[in-house]
Trainee: 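For reference, the structure I am asking about is given below.
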Amino acid sequence: MLQGRPAHRWRPALLVSLLCSFVGLGCSSTPENVGAVKADQIVIVKSKHEMILMANGKPLRTYRVALGKSGGAKERQGDHKTPEGQYVIDQKNAQSRFHLALHVSYPNAADRKRAHDAGVDPGGAIMIHGVEPQFAWLGPLQHEVDWTDGCIAVTNREMDEVWQLVPVG
């Protein structure tokens, strides 16, 4: 579920969902078990800057995230906003310049219609990803500022874990 984040962190959140269809069985909290249990849903709570991997309706892992540089829901190409809606993870990119990346199926039909009605390009290339190698030293500090062009970013170490827990589909 992708829950809306207002332009300022102190305003109430909008509720919208980002659903990713996966296969999941249970909950594991030790790094050694990463990959043994798979997520069946990803919930992004933009107002809290959180990404929660879910399995069978229960939290599997929670991560602090950096989001798009602009607040609100993505409306068009180049607005730097993180989308709000229901999507799937439709591919993995092991060659991403941002360490590893999971492609989010934005835009969906509603996004395309909204953009068409507004006469704009909805954009695309929305990912859940790590950090470019030259900035990996920032570690968790990268979460303190919204810096992406509409994507959802975690540390490279966290992305290694997410990569194992989230299948395509």
Trainee: Decide yes or no for Tyr63 and Arg61: does some side-chain heavy atom of the first lie under 4.5 Å from some side-chain heavy atom of the second?
Mentor: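 A side-chain contact exists here, since the closest heavy-atom pair is under 4.5 Å.
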
Trainee: Is there a path of hydrophobic side-chain contacts, each under 4.5 Å between heavy atoms of I, L, V, M, F, W or Y residues, that connects Phe98 with Trp137?
Mentor: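 Yes; Trp137 is reachable from Phe98 via cluster members.
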
Trainee: In this structure, are over 12 heavy atoms from other groups packed under 6.0 Å from Gln95 atom CD?
Mentor: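 Not buried by this count: 12 neighbours or fewer within 6.0 Å.
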
Trainee: If the test is side-chain hydrogen bond (donor to acceptor under 3.5 Å, both in side chains), which one of His99, Gln142, Arg97 qualifies with Glu132?
Mentor: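 Among the candidates, only Arg97 passes.
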
Trainee: Under a 4.5 Å cut-off applied to non-hydrogen side-chain atoms, are Asp79 and Lys81 in contact?
Mentor: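 They are in contact (side-chain heavy atoms under 4.5 Å apart), so the answer is yes.
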
Trainee: Backbone N or O of Glu84 within a donor-acceptor pair of the Lys46 side chain at under 3.5 Å?
Mentor: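 It does not hold such a pair.
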
Trainee: Among Ile89, Leu165, Ile52, exactly one meets side-chain contact (heavy atoms from CB on, under 4.5 Å) together with Ile42. Which residue is that?
Mentor: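 Considering Ile89, Leu165, Ile52, a side-chain contact (heavy atoms from CB on, under 4.5 Å) with Ile42 is found only for Ile89.
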
Trainee: So Ile126 and Lys74, do their side chains get closer than 4.5 Å, heavy atoms only?
Mentor: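 Touching, per the 4.5 Å side-chain cut-off.
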
Trainee: Would you compute the distance between atom CD of Glu75 and atom OG of Ser70 and round it to the nearest 0.5 angstrom?
Mentor: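 The CD atom of Glu75 sits 9.5 Å away from the OG atom of Ser70.
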
Trainee: Rounded to the nearest 0.5 Å, what separates atom CG in Asp90 from atom CG in Leu102?
Mentor: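 Answer rounded to 0.5 Å: 10.0 Å.
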
Trainee: Counting C-beta onward and ignoring hydrogens, is there a side-chain heavy-atom pair between Leu100 and Asn93 closer than 4.5 Å?
Mentor: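 No. Closest side-chain heavy atoms not under 4.5 Å.
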
Trainee: Cut-off 3.5 Å, no hydrogens considered: what does the side-chain donor-acceptor table look like for residues 148-156, sequence neighbours left out?
Mentor:
unit_1, atom_1, unit_2, atom_2, d
Thr148, OG1, Leu67, O, 3.0
Thr148, OG1, Gly68, N, 3.2
Thr148, OG1, Gly150, N, 3.2
Thr148, OG1, Cys151, N, 2.9
Thr148, OG1, Cys151, O, 2.8
Asp149, OD1, Lys69, NZ, 3.2
Asp149, OD1, His80, ND1, 2.8
Thr155, OG1, Glu158, N, 3.1
Thr155, OG1, Glu158, OE1, 3.1
Asn156, OD1, Val131, N, 2.6
Asn156, ND2, Val131, O, 3.2

Trainee: Given Leu138 and Phe135, is the side-chain contact (heavy atoms from CB on, under 4.5 Å) satisfied, shown in steps?
Mentor: CA-CA 6 Å; Leu138 287 169; Phe135 298 112; 4.1 Å; yes

Trainee: Return the NZ to OG1 distance between Lys48 and Thr62, rounded to the nearest 0.5 Å.
Mentor: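 These two atoms lie 10.0 Å from each other.
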
Trainee: Taking the side chain as every heavy atom from C-beta outward, state whether Trp163 and Lys92 have any pair of such atoms under 4.5 Å apart.
Mentor: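 In short, these two side chains touch, coming nearer than 4.5 Å.
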
Trainee: Quick check: do Ile128 and Met51 have side-chain heavy atoms less than 4.5 Å from each other?
Mentor: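 Yes. Closest side-chain heavy atoms under 4.5 Å.
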
Trainee: Do Asp40 and Met54 come close enough that some side-chain heavy atom pair is under 4.5 Å?
Mentor: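 In short, these two side chains touch, coming nearer than 4.5 Å.
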
Trainee: Same cluster for Val65 and Met127 if Ile/Leu/Val/Met/Phe/Trp/Tyr side chains link at under 4.5 Å?
Mentor: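 No.
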
Trainee: Mind listing the side-chain donor-acceptor pairs of residues 113-124 below 3.5 Å, one per line with the distance, residues two or more places apart or on another chain?
Mentor:
unit_1, atom_1, unit_2, atom_2, d
Lys113, NZ, Asp117, OD2, 2.7
Arg114, NH2, Asp111, OD1, 2.5
Asp121, OD1, Gly123, N, 2.8

Trainee: Restricting to side-chain contact (heavy atoms from CB on, under 4.5 Å), what partner residues turn up for Ala109, sequence neighbours left out?
Mentor: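 Per chain and number, Ala109 pairs via side-chain contact (heavy atoms from CB on, under 4.5 Å) with Arg112.
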
Trainee: Do we see a donor-acceptor contact under 3.5 Å between the side chains of Asp146 and His49?
Mentor: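 Note: Asp146 and His49 side chains meet the donor-acceptor criterion.
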
